[in-house]
Undergrad: 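First, the structure itself, so that you have it in front of you.
The model shown is predicted, which means the values in this text are computed figures rather than measured ones. Letters A, B, ... mirror the listed sequences (proteins, then strands); counts begin at 1.
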There are 2 protein chains.
Amino acid sequence: MAPGDTVEKILHAASVLFAERGFAETSLRTITGMADVNLAAVNYHFGSKKELIQAVFSRVLQPFCKHLNSELDAVLEKSGEQGVSIEQIIECCSSALLKSTEDSGMSVQRVTRLLGLAYTQSQEHLRQYIVGAYGETYERFAGMVQKAAPGLSMVEFYWRLYFMLGAAVFTLSSFDSLRAILNSDYGHDTELEQVMQLMTPSLASILNVAKE
Amino acid sequence: MAPGDTVEKILHAASVLFAERGFAETSLRTITGMADVNLAAVNYHFGSKKELIQAVFSRVLQPFCKHLNSELDAVLEKSGEQGVSIEQIIECCSSALLKSTEDSGMSVQRVTRLLGLAYTQSQEHLRQYIVGAYGETYERFAGMVQKAAPGLSMVEFYWRLYFMLGAAVFTLSSFDSLRAILNSDYGHDTELEQVMQLMTPSLASILNVAKE
DNA sequence: TGTACATCAGTGAACGCGCGTTCACTGATGTAC
DNA sequence: TGTACATCAGTGAACGCGCGTTCACTGATGTAC
């Protein structure tokens, strides 16, 4: 077996299981069982369960941030004077998300579920790690969104940004179950790409709607 | 000590701790320690940890649904022919949420965190219990929202409703940490009621924005 | 080319610990006769 | 009024179990001389 293969198998199984059940509900025995590697291999390669969690996030966030940055570069270059619209920024996020899932072989649902977990499961070590490693890209993104919505106060902008993030993360991370409900109740199937397209104008309107 | 007091102390401690850390991360020993009751009292009064989780949700959802129903009644009666607007429905939810937290002595953040957990922590027994006990109120709410946004296809309505729920649940349940970040980065404090007011037009715009 | 040693990925079994749950028990209160 | 019994809230200690982690060990590969 090629070296590094064990590491990759552990990371894959951990991503799948963490996204499905959360961190505390997923034991190392379940992970190593699914990955078909020895239990002790996790601590051998990663040191601890905490560090495994961080490694899983690295594998997801690094390609995403890379793609997001180059998408933002492209859009900045293309639209010179008239500035970048919020719709364009959202589409940067969408395609960065899709491209990064191609890279890692993970689904969009899984990636956004992991992102949601980072918010909702209060793992302080994880929050610190993510802010430290990927805070810069986030700041850049937030700055561009703010430029696209002039005239909003700091407070109003900030909260509207979180409304947008909440809508996106919540919907995408629960996509499978929401799709299943819609399918069984109304017999209508929806593709992920379709929902991401539906989402763009809705997210944009959150930011652009007139002030209260 | 008055009878029923132990039950109430357990429910209170469990609500606080579940909302803070999730279900798996909260042990019965932590709960009974905080509530200052005997460890075995949980299984004596509730039967199991699962049933305790359900009881916590009952204590939260029952008053919320009660208030939401009467708010919806009031608004239906008031606005006869011209129909009920989406803003009115959102405000029904807001005040039902505020009133129900007064009842139970729990914060809005805690209630929405619990609601978010019900979605994100895949506790199948809990999802079934909630749908069985409170699905009717949800159907009524969803039906009224749909009437307030005529012209949308089933698919488009359905997904926009989830964008709205996501934005609301995500923001309110993370309110404390978002508020803290805004405070430390820009020195500006925001009250919960203020955010709920900011949220109304943004949520309404998700539903009302023109079709793609 | 041969030998001795170092490095490294991986293993199997065990460690102590905290978990949810169980059970025999206590002591107070209510009820029947 | 007195006594026997039933009910009920609560308790203390222990149960077995699955958890993350540790450790001595193996066997393959690389390196120095």
Undergrad: Which nucleotide, in any strand shown, forms a Watson-Crick or G-U wobble pair with D:dA4, with both distances under 3.5 Å?
TA: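 Its partner is C:dT31 (Watson-Crick or G-U wobble, both distances under 3.5 Å).
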Undergrad: Please determine whether side-chain contact (heavy atoms from CB on, under 4.5 Å) holds for the pair A:C93 and A:L68, giving the CA-CA distance in whole Å, both sets of side-chain angles, and the decisive distance to 0.1 Å.
TA: CA-CA 6 Å; A:C93 293; A:L68 180 58; 4.1 Å; yes
Undergrad: Looking only at side-chain N and O atoms, does B:S27 come under 4.0 Å of OP1 or OP2 in C:dG18?
TA: no
Undergrad: Under 4.0 Å between a side-chain nitrogen and a carboxylate oxygen: does that hold for B:R140 and B:D73?
TA: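 Looking at B:R140 and B:D73, the cut-off is met.
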Undergrad: In plain terms, say whether B:D36 and B:K9 are close enough for a salt bridge, that is, a side-chain N and a carboxylate O under 4.0 Å apart.
TA: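 No.
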Undergrad: Nearest whole angstrom, please: distance from the P of D:dC19 to the CD of B:E25.
TA: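 In whole Å, D:dC19 P lies 14 Å from B:E25 CD.
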Undergrad: Please list, in numerical order, the residues of residues 31-48 of chain B that have a heavy atom closer than 4.0 Å to any atom of DNA chain D.
TA: B:N38, B:A40, B:Y44, B:H45
Undergrad: With hydrogens left out and only the distance checked, is there a donor-acceptor pair under 3.5 Å joining A:R29's side chain and the base of D:dG20?
TA: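 Between D:dG20 and A:R29, which were checked side chain against base, a qualifying N/O pair under 3.5 Å is present.
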Undergrad: Any idea how B:Y162 and A:F170 line up, ring-wise: parallel (<30°), tilted (30 to 60°), or perpendicular (>60°)?
TA: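 Correct class here is parallel.
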Undergrad: Please find the pair of heavy atoms, one from B:A13 and one from B:I31, that lie closest to each other, and give the distance.
TA: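 Minimum heavy-atom contact is CB-O, 3.8 Å.
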Undergrad: Is the shortest distance from a Lys or Arg side-chain nitrogen in A:E20 or A:R113 to a carboxylate oxygen in the other one below 4.0 Å?
TA: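 Salt bridge: no.
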Undergrad: In the strands shown, is C:dT26 matched to any nucleotide by a Watson-Crick or G-U wobble pair with both distances under 3.5 Å, and which?
TA: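 By the stated definition (distances under 3.5 Å), D:dA9 pairs with C:dT26.
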Undergrad: Rounded to the nearest Å, what distance is computed from the CD1 atom of residue A:I10 to the P atom of nucleotide C:dA9?
TA: 12 Å
Undergrad: Mind calculating the distance between CD (A:E8) and C1' (C:dA9) to the nearest angstrom?
TA: 16 Å
Undergrad: In whole Å, what is the span from the CG atom of A:L28 to the P atom of C:dC17?
TA: 19 Å
Undergrad: Would one find a side-chain N or O of A:T6 under 4.0 angstrom from OP1 or OP2 of C:dG10?
TA: yes
Undergrad: Applying the Watson-Crick and G-U wobble criteria at under 3.5 Å, what pairs with C:dG16? Answer none if nothing qualifies.
TA: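 In the structure as shown, C:dG16 has D:dC19 as its Watson-Crick or wobble partner.
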